[in-house]
Amino acid sequence: MKLVASLTSPYARKIRVALAEKGLPFSLEVDIPWLAETSVPDYNPLGKVPALVADDGEVWYDSPVIAEYLETLGGATLIPADRLAALPVRQTEALADGITDAAVAAFLESRRPAGQQDSASIERQITKIHRGLAALDRRLVERKGMAGANLGLGDIAAACALGYLDFRFASLVWRSTHPELAAWAADVLARPSFVSTTPPPA
Ligand SMILES: N[C@@H](CCC(=O)N[C@@H](CS)C(=O)NCC(=O)O)C(=O)O
């Protein structure tokens, strides 16, 4: 099994953490989709990482689909097998991925030349991040799709979103406004699966 990923992608980190938590062997092919010489479109027509090449040759992409596929391979259960029980986990994953989507969009906009940046668009994305963090905080308190007895996909996606904020938006200081989320994240981000997938210095 081969994972095509960049080392800074929070979506790819979600899958690398899931693979590590499940104890599934894989090889990592580092590829940066923004470079002209990228091979990512050979795996995913959308040109995005992560993409997973299964042992039977099938290629899976979009991290939620890859996560679903990994559940078929065994290892620790990250998504409950029961469809109804899986829904809160998937909801937390969607919320966390949405926070990540907003952060990626704001980051990309902020990298445009100063005169070409759309500050209203950046603000709109930052507002989504703040609303998303408040919702994540509530889901943590209510134990909805995260912080159950065992680490699940909701927890992994949430911690990857928070890790990405630390990586790209250190100025956001979410820890002081969300102390419970911060305490929870400190534990999760200290796990070997997260430590070994920390993005390299920007
Ligand atoms: N919904 C996708 C998002 C993947 C994604 O946007 N990956 C970024 C890297 S962080 C990418 O490959 N971007 C390249 C591009 O948009 O062309 C997933 O969950 O896998």
Side-chain angles (χ1 to χ4, degrees), residues 1-22 24 26 28-54 58-73 78-79 86-87 89-112 116-118 121-122 124-126 128-129 132 135-136 145-146 152-170 172 189 193-194 196-202:
M1 188 158 61
K2 178 173 81 172
L3 182 69
V4 182
S6 76
L7 300 180
T8 56
S9 167
Y11 313 98
R13 187 182 194 190
K14 192 173 92 178
I15 298 305
R16 290 165 70 203
V17 169
L19 284 160
E21 293 287 345
K22 284 176 134 340
L24 295 171
F26 70 104
L28 181 66
E29 183 170 309
V30 176
D31 197 325
I32 300 168
W34 306 105
L35 298 181
E37 62 270 25
T38 181
S39 298
V40 172
D42 296 344
Y43 299 102
N44 174 357
L46 305 175
K48 297 181 180 188
V49 290
L52 183 91
V53 185
E58 191 74 44
V59 183
W60 301 106
Y61 48 81
D62 240 61
S63 58
V65 177
I66 299 174
E68 189 77 43
Y69 172 70
L70 295 184
E71 287 305 292
T72 69
L73 301 180
L78 301 179
I79 307 169
L87 272 177
V89 171
R90 298 321 300 237
Q91 183 67 85
T92 299
E93 180 194 23
L95 174 64
D97 284 1
I99 293 171
T100 303
D101 292 344
V104 168
F107 172 71
L108 292 177
E109 187 63 31
S110 73
R111 289 247 291 216
R112 284 157 57 87
Q116 293 174 25
Q117 287 178 26
D118 181 349
S121 160
I122 294 176
R124 188 172 153 76
Q125 300 302 336
I126 300 286
K128 287 177 197 278
I129 295 171
L136 211 51
M146 65 190 295
L153 184 63
D155 300 287
I156 294 173
C160 286
L162 297 171
Y164 186 73
L165 293 182
D166 288 343
F167 178 52
R168 295 296 194 202
F169 286 97
L172 212 73
L189 291 170
S193 58
F194 277 92
S196 64
T197 56
T198 302

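Side-chain atoms are counted along with the backbone in the values below, which use heavy atoms only and exclude waters and symmetry mates. Throughout, residue positions are numbered sequentially from 1 according to the sequence presented. Both counts, for ligands and for their atoms, begin at 1 and track the order of listing.
In this structure, the side chain of T38 does not engage the main chain of L35 through any donor-acceptor pair within 3.5 Å. Of the possible polar contacts, one joining the R13 side chain to the T197 backbone as a donor-acceptor pair under 3.5 Å is found.
Among the atoms of D97, none of the N or O lies under 3.5 angstrom from an N or O of ligand 1. In terms of polar-atom proximity, defined here as any N/O pair under 3.5 Å, D62 does make such a contact with ligand 1.
Of the candidates V104, T38, V49, T100, the one placing a heavy atom closest to atom 4 (C) of ligand 1 is V49. Summarising the contacts of atom 10 (S) of ligand 1 with G47, S9, G98, the nearest heavy atom is found in S9.
Of all atoms in ligand 1, listed by their number and element, those nearer than 4.0 Å to a heavy atom of P50 are 20 (O). Short contacts between ligand 1 and P10, defined as distances under 4.0 Å to a heavy atom of the residue, involve ligand atoms 10 (S). Which parts of ligand 1 touch P64 is read off a 4.0 Å heavy-atom cut-off, strictly below it: atoms 19 (O).
At least one side-chain heavy atom of L19 sits under 4.5 Å from a side-chain heavy atom of L70. Residues I32 and T8 fail the side-chain proximity criterion, which asks for heavy atoms closer than 4.5 Å.
For I15 against P50, the heavy-atom pair with the smallest separation is CG1-CG, 4.0 Å.
The closest approach between any non-hydrogen atom of W34 and ligand 1 is below 4.0 Å. In this structure, S6 falls outside the shell of residues with a heavy atom less than 4.0 angstrom from ligand 1.
Annotation for R124: atom CZ does not count as buried by contact number, only 12 or fewer foreign heavy atoms lying within 6.0 Å.
Side-chain contact, E29 with Y43: a donor N or O sits under 3.5 Å from an acceptor N or O.
Contacts between S63 and ligand 1, counted as non-hydrogen atom pairs separated by less than 4.0 Å, involve both the backbone and the side chain.
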